[in-house]
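All figures in this text were calculated on a predicted structure; none of them were measured in a lab. These numbers come from the heavy atoms of this one structure, side chains and all, not from hydrogens, waters or symmetry mates. Just so it is clear: chains get the letters A, B, ... in the order the sequence lines come, proteins before strands, and each one is counted from 1.
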Protein chains: 2
Amino acid sequence: MTQDVTYHRRPLNRQLIVAAARRVADSDGLAELTLRRVAGELGTGQASLYRHIADRAELLGLLAEDLATSFPMPGRPDEPGEPGEPGESAEAGRNGWAGDAVVGQWEAMYAYLAAHPWGARVIAEGSRVADGAHSVAGHNLALLRAAGLDDDDAVRAYRALWHLLLGHLLDQTAHPATPGSPGDFSWALRRLVAGIVRATDAPAEVDS
Amino acid sequence: MTQDVTYHRRPLNRQLIVAAARRVADSDGLAELTLRRVAGELGTGQASLYRHIADRAELLGLLAEDLATSFPMPGRPDEPGEPGEPGESAEAGRNGWAGDAVVGQWEAMYAYLAAHPWGARVIAEGSRVADGAHSVAGHNLALLRAAGLDDDDAVRAYRALWHLLLGHLLDQTAHPATPGSPGDFSWALRRLVAGIVRATDAPAEVDS
DNA sequence: ACCTGAACACCGTTCAAGT
DNA sequence: ACCTGAACACCGTTCAAGT
């Protein structure tokens with residue numbers, strides 16, 4: 001029982017490279033994520049990495065995809081969400097307002113990405129939208145359609161929510177000492193969702 | 001007609017360095033903005049720059065501040081806004097809805113920053129919020145208070161609008177080929193402003 | 001006193017030489 | 001056939017040597 005996992009050598013596939021890169025980014029930040037460092041983490045030379053990845057940009061893209069595949073979806077049964085307090089997230093979507101599920105989903109995404117400060121930057125810089133984000137994108141579009149949006153508006157709303165999240169996270173990692181940021185995103189998120197959802201079912205309220 | 005301006009040499013103050021950096025960023029992008037390139041643009045050695053700036057991060061900060069000082073404020077008299085079509089921006093704020101002025105202001109800011117793709121990145125990465133942004137920040141807070149928000153909510157709303165703008169611009173520069181992005185920001189902006197403004201004066205509407 | 005060419009310590013990437 | 005040490009072309013930054 002000396003070891004079984006931590007002594008990965010030989011095969012050196014993309015999985016191992018991405019895992020090592022994620023380890024470096026989580027522990028020491030994106031600035032320390034150099035190919036030399038990743039190669040050293042795997043006990044190999046830096047040139048060996050180029051047999052499995054095209055360049056550093058592709059590695060960052062794989063990292064973004066790796067992160068995106070495990071986005072939380074607290075509304076769904078088999079998804080973890082926040083392990084500590086599932087009550088708050090589960091409550092969203094049961095109440096009357098159609099936007100609650102959307103708010104809960106994006107608060108979970110915020111908490112998830114806030115735990116990986118490099119994530120927002122990698123996704124923002126990624127030349128391609130992570131394909132692994134398809135499942136969470138589909139889930140979000142379904143939530144938005146359930147709130148009364150048509151297909152076009154659901155896509156626009158998804159992008160708007162994503163941009164708000166991205167801007168908040170990037171500003172946060174750049175200025176970590178700013179006061180009251182955790183609640184700030186929640187405040188903004190609820191206003192944006194309110195503006196989106198009310199715009200679709202409000203016309204009857206306003207016109208009559 | 002040989003030249004009269006383009007031949008700056010000798011003094012080499014911060015102003016000239018920032019202007020040269022801005023020229024490089026505008027023409028060739030942020031990736032080409034190296035200290036060697038800026039020094040070459042000014043006809044001097046790269047080491048000479050360090051007598052006027054501490055390091056590259058400070059230069060980017062000065063660049064962000066330079067950009068922030070000339071943010072458009074279309075509602076105010078002596079501010080340029082969009083030189084081509086002042087009618088659209090001036091119209092905002094005259095109509096009944098209190099959010100129109102806010103929407104017009106942020107659409108002008110979007111147009112301004114979209115013309116300088118490096119701007120959003122430089123501001124996002126800047127270790128300090130550009131001090132030159134104080135005037136536009138004050139203007140925005142005034143507009144938000146005029147829309148009925150108290151001081152705390154005005155600050156939160158300003159941050160939320162800024163994050164939405166930042167996320168939109170960064171996503172746009174990363175994926176330039178995305179369809180329908182110009183209208184997308186306007187769509188999201190109007191929903192966010194609606195959610196912010198209605199949340200303050202809506203209670204009377206909902207309760208009664 | 002002030003400026004700056006050359007050097008230093010990195011980085012991503014490539015390639016000829018190893019097995 | 002597959003891997004990799006050493007080299008290449010950059011980068012930001014520093015410093016001793018110039019004027």
Side-chain angles (χ1 to χ4, degrees), chain A residues 7-66 118 121-128 174, chain B residues 7-66 118 121-128 174:
Chain A
Y7 218 105
H8 30 250
R9 285 296 289 274
R10 290 311 149 60
L12 191 61
N13 49 16
R14 287 155 80 103
Q15 283 253 16
L16 288 176
I17 294 175
V18 172
R22 183 162 171 163
R23 222 178 307 138
V24 172
D26 271 329
S27 63
D28 293 344
L30 204 54
E32 295 298 317
L33 181 54
T34 70
L35 296 188
R36 278 168 172 84
R37 175 77 188 274
V38 172
E41 201 89 356
L42 293 165
T44 182
Q46 47 183 326
S48 307
L49 301 179
Y50 284 88
R51 199 150 297 271
H52 303 92
I53 59 171
D55 49 18
R56 186 177 190 264
E58 187 179 81
L59 176 57
L60 293 185
L62 292 171
L63 205 55
E65 195 171 323
D66 182 57
W118 49 270
R121 268 182 203 277
V122 161
I123 292 176
E125 291 176 6
S127 52
R128 263 273 135 252
Chain B
Y7 218 104
H8 30 250
R9 286 291 292 273
R10 289 308 150 62
L12 190 60
N13 49 15
R14 287 156 82 103
Q15 282 253 16
L16 288 175
I17 294 175
V18 171
R22 185 163 172 165
R23 224 178 305 139
V24 172
D26 271 330
S27 63
D28 294 343
L30 204 55
E32 296 298 318
L33 181 54
T34 69
L35 297 188
R36 277 168 173 82
R37 176 75 188 276
V38 172
E41 201 88 1
L42 294 167
T44 181
Q46 47 184 325
S48 306
L49 301 179
Y50 284 88
R51 200 149 296 270
H52 303 90
I53 60 171
D55 49 19
R56 186 177 191 265
E58 188 180 80
L59 176 57
L60 293 185
L62 292 172
L63 206 54
E65 195 171 321
D66 182 56
W118 48 270
R121 268 183 202 278
V122 161
I123 292 175
E125 291 176 4
S127 52
R128 265 272 136 253

Return the [atom1] to [atom2] distance between [X] and [Y], rounded to the nearest 0.5 Å.
X	Y	atom1	atom2	answer
A/Arg14	A/Glu58	CZ	CD	4.5 Å
A/Leu33	A/Arg22	CG	CZ	12.5 Å
B/Leu63	B/Asp66	CG	CG	6.5 Å
B/Thr44	B/Leu49	OG1	CG	6.5 Å

To the side chain of [X], which of [options] is closest?
X	options	result
A/Arg36	D/dG12, C/dT4, D/dA7	D/dA7
A/Tyr50	D/dA7, C/dT14, D/dG12	C/dT14
B/Gln46	D/dC11, D/dT13, D/dC3	D/dT13
B/Ala47	C/dC3, C/dG12, D/dC15	D/dC15

Phosphate OP1/OP2 of D/dC3: any A/Ser48 side-chain N/O under 4.0 Å: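 The answer is no; no side-chain N or O of A/Ser48 sits under 4.0 Å from OP1 or OP2.
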Give a yes/no on whether any side-chain N or O of A/Thr34 is located under 4.0 angstrom from OP1 or OP2 of C/dC10.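 A/Thr34 to C/dC10 OP1/OP2: no side-chain N or O under 4.0 Å.
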Length of the [atom1]-[atom2] vector between [X] and [N], whole Å:
X	N	atom1	atom2	answer
B/Leu59	D/dG12	CG	P	10 Å
B/Leu35	C/dC3	CG	P	17 Å
A/Leu16	D/dC3	CG	P	13 Å
B/Arg56	D/dC11	CZ	P	10 Å
B/Arg51	D/dT13	CZ	P	15 Å
B/Leu30	D/dC11	CG	P	14 Å
B/Arg37	D/dG12	CZ	C1'	17 Å
A/Leu60	C/dC11	CG	C1'	14 Å

For the P atoms, the ones on D/dA7 and on C/dC8, what distance do you get once it is rounded to whole angstrom?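 It works out to 16 Å between them.
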If the P atom of D/dT13 is compared with that of C/dC2, how far apart are they to the nearest Å?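 Their P atoms lie roughly 23 Å apart.
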Taking pairing as Watson-Crick or G-U wobble with both contacts under 3.5 Å, can you name the mate of C/dT13, or confirm there isn't one?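 Check on C/dT13: paired to D/dA7, both distances under 3.5 Å.
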Any strand is fair game: report the nucleotide pairing with D/dA1 by Watson-Crick or G-U wobble, both distances under 3.5 Å, or none.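 Check on D/dA1: paired to C/dT19, both distances under 3.5 Å.
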Donor-acceptor pair, distance only, cut-off 3.5 Å: does the side chain of A/Glu32 make one with the backbone of A/Asp28?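 Between the backbone of A/Asp28 and the side chain of A/Glu32 there is no qualifying donor-acceptor contact (under 3.5 Å).
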Quick check: on DNA chain D, is the nucleotide nearest A/His52 upstream (toward 5') of the one nearest B/Asp55, or the reverse? Name the residue that is more 5'.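 Its nucleotide being nearer the 5' end, the pick is A/His52.
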